[in-house]
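Counting from 1, the numbers follow the sequence of the chain as shown. First listed ligand is number 1; within each ligand, the first listed atom is number 1.
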Amino acid sequence: MGRLENNNVIVTGGARGIGRAVCELFAREGAAVAVTDIVDDEGQDLVETIKDAGGNAAFWHLDTSSEENVEQALSEVSDRLGGINTLVNNAGISGTNKPTHQIETEEWDKVIQVNVKGVFLCTKHAVPYMQKDKGGSIINLSSIYGLVGAPDLPAYHASKGAVRLMTKTDALLYAGDNIRVNSIHPGYIWTPLVAELAEASGQGVDDFRRQLDDKHPIGHVGEPDDIAYGALYLASDESKFVTGSELVIDGGYTAQ
Ligand code: NAP
């Protein structure tokens, strides 16, 4: 018996990186998984991989910054799976990496649109399904950058700080509905998002990665699975008394 039997899960940004690891692990643990992303081909490929391994998954194109798209996709997911029990608000972008005084307003807005408004919209439209089912779990991907500062990615820091507190507010608002809301705060995890930062740095991918490794007391950056296992705990009933919490999975980055 898997840890997520009878659990209908929707994962945003599920085709790549952390979201992909979450979809694969959750399906192995018996969940019915709605893989959603703006990257359609990779999302469809992932669904085939999950099905080949005996899991239950389907793909929806879902841009979390579009309310129309969110409302429609969640309605279809609920119809197809028979409700929504767990939402993993994973989609996110790092966005522009400039000092604050050089950022264009449009660049700032883009990060907030995806990382903050996306979490708001998916939560807004998932909650009524969870209320109908008398409970649920919402897992928001914040970051170490939502806990501590660093001299880079100002808009990303702002967005992840917002997600940390949106999590606590929603935890309090929906505790009476038996809907738990928690945030996860990963350290650097080697995913396409971080690989792109490495390429954009101009210092060479290997050198960039070594520098990131050194920032984590455990000696290296993390892997997507490190985060997926934390999400698994928060999605399962094992965490039935956990809400409004911050699960830090960062190789000791913020312990210093
Ligand atoms: P990733 O490798 O870039 O994967 C994220 C996926 O989300 C991609 O497929 C991406 O598509 C998609 N996406 C982007 N905008 C979207 C939108 N508006 N609607 C739906 N999907 C969208 O990212 P990741 O590193 O796995 O990160 C996942 C989450 O963890 C993010 O919220 C990130 O901020 C957070 N996080 C990551 C790290 C890390 O070190 N990797 C650390 C802390 C927190 P495109 O590739 O086309 O953009």
Side-chain angles (χ1 to χ4, degrees), residues 10-25 34-47 59-70 72-74 87-97 109-122 125 139-148 150 152-153 155-164 166-167 183-200 208-209 211-213 215-216 220-228 230-231 246-251 253-254:
I10 177 163
V11 181
T12 67
R16 289 183 175 156
I18 292 169
R20 184 181 183 94
V22 168
C23 291
E24 290 191 296
L25 178 62
V35 179
T36 74
D37 207 301
I38 52 173
V39 184
D40 296 355
D41 288 350
E42 283 177 54
Q44 301 278 13
D45 283 352
L46 174 58
V47 164
F59 178 77
W60 280 266
H61 177 93
L62 173 52
D63 176 348
T64 60
S65 64
S66 157
E67 182 155 23
E68 197 185 344
N69 196 177
V70 170
Q72 177 70 25
L74 265 63
L87 164 67
V88 184
N89 275 317
N90 167 77
I93 57 173
S94 56
T96 184
N97 190 11
D109 288 348
K110 167 94 176 132
V111 176
I112 303 300
Q113 281 267 336
V114 178
N115 294 6
V116 180
K117 187 177 161 198
V119 172
F120 155 62
L121 289 176
C122 291
H125 289 286
I139 301 164
N140 293 332
L141 266 293
S142 178
S143 169
I144 49 172
Y145 276 24
L147 297 172
V148 295
D152 59 7
L153 297 170
Y156 185 79
H157 272 94
S159 71
K160 294 300 180 180
V163 168
R164 171 177 173 269
M166 288 158 70
T167 301
S183 54
I184 298 184
H185 301 261
Y188 276 95
I189 308 297
W190 198 259
T191 65
L193 180 145
V194 175
E196 276 165 31
L197 286 176
E199 272 155 32
F208 185 90
R209 184 164 180 161
Q211 213 174 17
L212 284 187
D213 287 342
K215 288 182 194 285
H216 299 75
H220 55 82
V221 297
E223 295 169 3
D225 261 2
D226 294 323
I227 307 307
E246 303 168 4
L247 180 52
V248 179
I249 307 175
D250 70 351
Y253 185 108
T254 55

Review point. So, does Tyr156 sit close enough to ligand 1 that a heavy atom of it is under 4.0 Å from the ligand?
Key: yes
**Study point:** Selected option - heavy-atom contact closest to atom 22 (C) of ligand 1, from Thr64, Val88, Ile38
**Key:** Ile38
Review point. At a 4.0 Å cut-off, with the gap strictly under it, does some heavy atom of Gln113 reach an atom of ligand 1?
Key: no
Revision key, fill the gap. Numbered in order shown, the ligand 1 atoms found under 4.0 Å of a heavy atom of Pro186 are 42 (C), 43 (C), 44 (C)
Practice item. May I ask you to test the Ile184-Ile139 pair for a side-chain heavy-atom distance under 4.5 Å? Key: yes
Review point. Applying a strict 4.0 Å limit to heavy atoms, is Ser94 in contact with ligand 1?
Key: no
Review point. Counting from 1, what ligand 1 atoms have a heavy atom of Ala91 closer than 4.0 Å?
Key: 20 (C), 21 (N), 22 (C), 32 (O)
Review point. Can a non-hydrogen atom of Gly14 be found less than 4.0 Å from any atom of ligand 1?
Key: no
Exercise for review: May I ask you to check whether Tyr188 has an N/O atom sitting below 3.5 Å from an N/O atom of ligand 1?
Suggested key: no
Revision key, fill the gap. For Val114, the atoms of ligand 1 under 4.0 Å from one of its heavy atoms are 15 (N), 18 (N)
**Study point:** Close-contact set for ligand 1 against Val39 heavy atoms, below 4.0 Å
**Key:** 9 (O), 11 (O), 47 (O)
Point to revise | Distance in Å, Ser142 OG paired with Leu247 CG, rounded so as to fall on 0.5 Å steps | key: 11.5 Å
Review point. Within less than 4.0 angstrom of ligand 1, does Thr12 place any heavy atom?
Key: no
